[in-house]
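Right, one structure below, let's go through it.
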Amino acid sequence: MLPKFPMKSILKAIRPYNVCTTQTLYNPSSPSALIDDFTRFCYQRDLPRAIKTMGSLQKHGIRADSITYSELIKYCISRGAIKEGKLVHNHVYSNGYEPKVFLNNILLNMYVKFELLDEALVLFDQMPDRNVVSWTTMISGYSNGKLYVEALGFLVLMFRDGVVPNGFTFSSVLRACDSLGTLRQIHCSIVKNGLDSDVFVRSSMIDIYSKWGEIQSGFCVFDEMVTGDLVVWNSIIAGFAQNGNGDEALENFKDMKRAGFSGNHASLTSVMRACTGLALLELGRQVHVYVVKSPRDLILDNALLDMYCKCGNLEDAKSAFELMPEKDVISWSTMISGLAQNGCSLEALELFHSMKASGLTPNYITMVGVLFACSHAGLADDGWFYFRSMKQFFGVDPGREHCGCMADLLGRAGKLDEAIKFIHEMECEPDVVMWRTLLGACRVHKNMDLAIYVAKQILKLEPEDEGTYILLSNAYATTQRWEDAEEVRKTMKGKGVKKEPGSSWIELNKQVHAFVLGDKSHPQILNIVKELNNLIRRLMEVGYVPDTSFVLHDLEGEQMEDSLRYHSEKLAVMFGLMSLPNGKPVRIMKNLRICGDCHTFVKLVSKIEDRHIVIRDPVRYHHFKDGVCSCGDYW
DNA sequence: GTAGGGTTAG
């Protein structure tokens, strides 16, 4: 029980929940005991009783003041108490009373936070006055609910109503941009309204430009900044990291530190993602050492786990996973996919069972990892079982990625016709990734006719893809369709398709050493080439024959071999062998898919040099050990 | 009373 104070003192002590306006207090008909109770319950944060008493007060025609109502509603929001919130709403409107816009806005916000947009809209429509807060609340609600058209519609109506938007409005509406064009229009509007220097608006703009893949525009917004804060820095760092521009992400992180901001978990998560993208295991490890001293953060832990997986370091990934104090569906999915991608499919499936046993429900992405593992382990029956039952068991509708795994499953098994049939019959449209998977299957199972068909499908979707042109031209050549092969080469020339220079890199003593075919800028290049030639000679003695089928067939014999001899991954592997102590794995990352010749080459090297060599190409991991690759020569 | 940044996908 509260001590009996004079009313004035109580009013002071419990201000936010004060029901006792002078008017109600001195109303001779008001049951003061009820008011006392209500006040006390509010004070004690006893929501159920406060609401119950409020009902009794309502019967006596007694209302609380706006401040009390607003605090009660805010409390309902924080507790997720939908039912109670609606009771307060009902009480606010009792006895024909019409609240001011301030209180209506809070009610509106309540429905928005509870994701009850229809009810928010009813209230919004009946509000006699709407100010910028009312409009922004609606925009924010529809944006969060991913109803972007509606959110933008509210902005238009708001303009029509003559209400001037503020920074809150723009940072809410930016997420609703449904195209780059809309984004640019909104950007103009922001500048017109003089809100482009607002840090909230700025960070939203950077974020949205980056989500639309326009990180350079995002950087312009960032670069105009005179004074910014940590979130703006984090937005640009994340933008670069998410757009596969790890170098710039790391550079901006350094600049941020120079500007006097010490990064937080969000900054470090992006740094970790940049390390993941660039396969910078050592730098990632440094960040790991740095963060284990700070309080744990689930998102950062997940990013760390992914970094170890994508750098091909499963030992550290597994121990990081074991040591995580808390694991969510993303942690499990990351580890499952990580195992499967690095060639440990059976372990991935075991982990999937542990995940279910731990009581977590797999999501869309988990199932992609699971089906990926099934297809790579050749477990056709399990694959089909999960594919057909995941909707029923986990509520996951099969999507394009799942279908891609199933096409891969069939392709790997050599059931190429079934794979094509599956692709044609599935509900979603096949994408480039799916066709590429099938192209890999055609290559392995030497089905040239189908390869030609598939390559054409890829070129329809990606007319600039050099690798596919080469493959198509070579497929024609192997089937003696010389004219077609010539035609493909002409098309390539006509379109000006240029080869993205293949490059491979390796991290050594906190430095990245990058190699490109024909590039002699590495200080040790002469030595590396000399050693590489020696190595190739030794390999040829044990039976290595350069495989020229991955080079365009318009070069003559020796030239073809030469263009293979110095492929960037061969240079990088050689450099790794020369620079790293015996027994240490050589980890290479490259920007293009590994070619068949380099694959054979590295397999043999792993045997005669007795080394674990890991090469990560843009889609696959290759762990070479004892002359065998984890991909089983299928990629 | 209304806004901003970080993690998993073939």
Side-chain angles (χ1 to χ4, degrees), chain A residues 66 70 73-74 77 100-110 112-113 131-141 143-144 165-175 195 198-208 210 229-239 241-242 263-273 276 297-307 309-310 328-338 340-341 362-372 375-376 399-409 431-437 440 619-620:
Chain A
S66 294
S70 72
I73 297 163
K74 280 194 268 178
I77 296 174
K100 295 265 184 326
V101 63
F102 170 84
L103 193 49
N104 272 329
N105 283 343
I106 295 176
L107 282 168
L108 209 54
N109 186 36
M110 176 182 80
V112 160
K113 290 273 151 64
N131 61 13
V132 60
V133 177
S134 334
W135 286 99
T136 303
T137 304
M138 294 307 281
I139 291 173
S140 151
S143 284
N144 285 335
N166 60 18
F168 290 76
T169 320
F170 282 116
S171 36
S172 302
V173 84
L174 274 163
R175 240 175 317 139
L195 290 164
D198 180 314
V199 282
F200 280 75
V201 175
R202 197 185 287 271
S203 54
S204 303
M205 273 201 284
I206 296 170
D207 183 45
I208 303 304
S210 134
D229 65 1
L230 182 61
V231 179
V232 182
W233 277 102
N234 283 347
S235 305
I236 193 67
I237 296 169
Q242 288 162 359
N264 60 5
H265 282 145
S267 339
L268 288 173
T269 304
S270 297
V271 167
M272 198 61 85
R273 179 153 176 174
T276 308
D297 180 90
L298 180 59
I299 299 179
L300 182 53
D301 279 348
N302 286 341
L304 183 77
L305 183 64
D306 190 42
M307 186 276 295
C309 288
K310 294 234 169 64
D328 64 359
V329 62
I330 296 185
S331 329
W332 287 90
S333 306
T334 305
M335 196 67 229
I336 291 169
S337 297
Q341 287 166 336
N363 67 12
Y364 188 98
I365 298 177
T366 320
M367 294 317 294
V368 175
V370 169
L371 294 179
F372 183 86
S375 82
H376 283 246
R400 180 177 289 164
E401 290 85 355
H402 304 114
C403 294
C405 291
M406 297 317 288
D408 187 48
L409 189 91
D431 62 351
V432 178
V433 180
M434 210 179 291
W435 288 121
R436 281 223 180 88
T437 313
V619 274
R620 287 277 188 285

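Just the heavy atoms: all of them, side chains too, but no hydrogens, waters or symmetry mates, feed the values below. Protein chains get the first letters and strands the later ones, always in sequence-line order, with residue 1 at the start of each.
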[X] near the nucleic acid: base, sugar-phosphate alone, or nothing, with a heavy-atom cut-off under 4.0 Å?
X: A:Val112; answer: nothing
X: A:Leu230; answer: base
X: A:Val232; answer: base
X: A:Gly167; answer: base
X: A:Thr437; answer: nothing
X: A:Val199; answer: base
X: A:Asp431; answer: base
X: A:Ile106; answer: sugar-phosphate
X: A:Asn264; answer: base
X: A:Phe102; answer: base

Original post:
Checking A:Thr169 side chain against A:Asn166 main chain: does a donor-acceptor pair fall under 3.5 Å?
Top reply: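 Present.
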
Flag side-chain contact, heavy atom, 4.5 Å: [X] against [Y]:
X: A:Leu298; Y: A:Ser331; result: yes
X: A:His265; Y: A:Ile299; result: no
X: A:Ser140; Y: A:Thr137; result: no

Subject >> Base B:dG4 to side chain A:Ser203, donor-acceptor N/O within 3.5 Å cut-off >> reply: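 By the distance-only test, yes, there is a pair.
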
[X] has an atom [atom1]; how far is it from atom [atom2] of [N], in whole Å?
X: A:Ile77; N: B:dT2; atom1: CD1; atom2: C1'; result: 11 Å
X: A:Tyr364; N: B:dT7; atom1: OH; atom2: P; result: 19 Å
X: A:Asp328; N: B:dT8; atom1: CG; atom2: C1'; result: 9 Å
X: A:Ile236; N: B:dG4; atom1: CD1; atom2: C1'; result: 14 Å
X: A:Asp306; N: B:dA9; atom1: CG; atom2: C1'; result: 10 Å
X: A:Asn131; N: B:dT2; atom1: CG; atom2: C1'; result: 9 Å
X: A:Trp135; N: B:dA3; atom1: CH2; atom2: C1'; result: 18 Å
X: A:Ile365; N: B:dG10; atom1: CD1; atom2: P; result: 9 Å

Counting only side-chain heavy atoms from C-beta out, which of [options] sits nearest to [X]?
X: A:Ser270; options: B:dG6, B:dT2, B:dA3; value: B:dG6
X: A:Glu401; options: B:dG10, B:dG4, B:dG6; value: B:dG10
X: A:Arg175; options: B:dG6, B:dT2, B:dA3; value: B:dA3
X: A:Asn302; options: B:dA3, B:dG10, B:dT7; value: B:dT7
X: A:Ser337; options: B:dA3, B:dT7, B:dA9; value: B:dA9
X: A:Gln341; options: B:dA3, B:dT8, B:dA9; value: B:dA9
X: A:His265; options: B:dA3, B:dT8, B:dG6; value: B:dG6
X: A:Asp198; options: B:dG6, B:dA3, B:dA9; value: B:dA3
X: A:Ser140; options: B:dA3, B:dA9, B:dG4; value: B:dA3
X: A:Asn109; options: B:dT2, B:dA9, B:dG6; value: B:dT2

With a cut-off of less than 4.0 Å, is there a side-chain N or O of [X] near OP1 or OP2 of [N]?
X: A:Lys113; N: B:dA3; result: yes
X: A:Lys310; N: B:dA9; result: yes
X: A:Arg273; N: B:dG6; result: no
X: A:Thr136; N: B:dA3; result: no

Original post:
Just checking, any donor-acceptor pair under 3.5 angstrom between side chains of A:Ser171 and A:Ser204?
Top reply: no

**OP:** Kindly write out the residues that satisfy side-chain hydrogen bond (donor to acceptor under 3.5 Å, both in side chains) with A:Arg436, not counting sequence neighbours, or none if the list is empty.
**Re:**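 Residues passing side-chain hydrogen bond (donor to acceptor under 3.5 Å, both in side chains) with A:Arg436: A:Glu462, A:Asp465.
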
Original post:
Taking only residues two or more places apart in sequence or in another chain, which ones pass salt bridge (charged side-chain N to carboxylate O under 4.0 Å, His left out) with A:Lys113?
Top reply: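 Checked A:Lys113 against salt bridge (charged side-chain N to carboxylate O under 4.0 Å, His left out); zero matches.
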
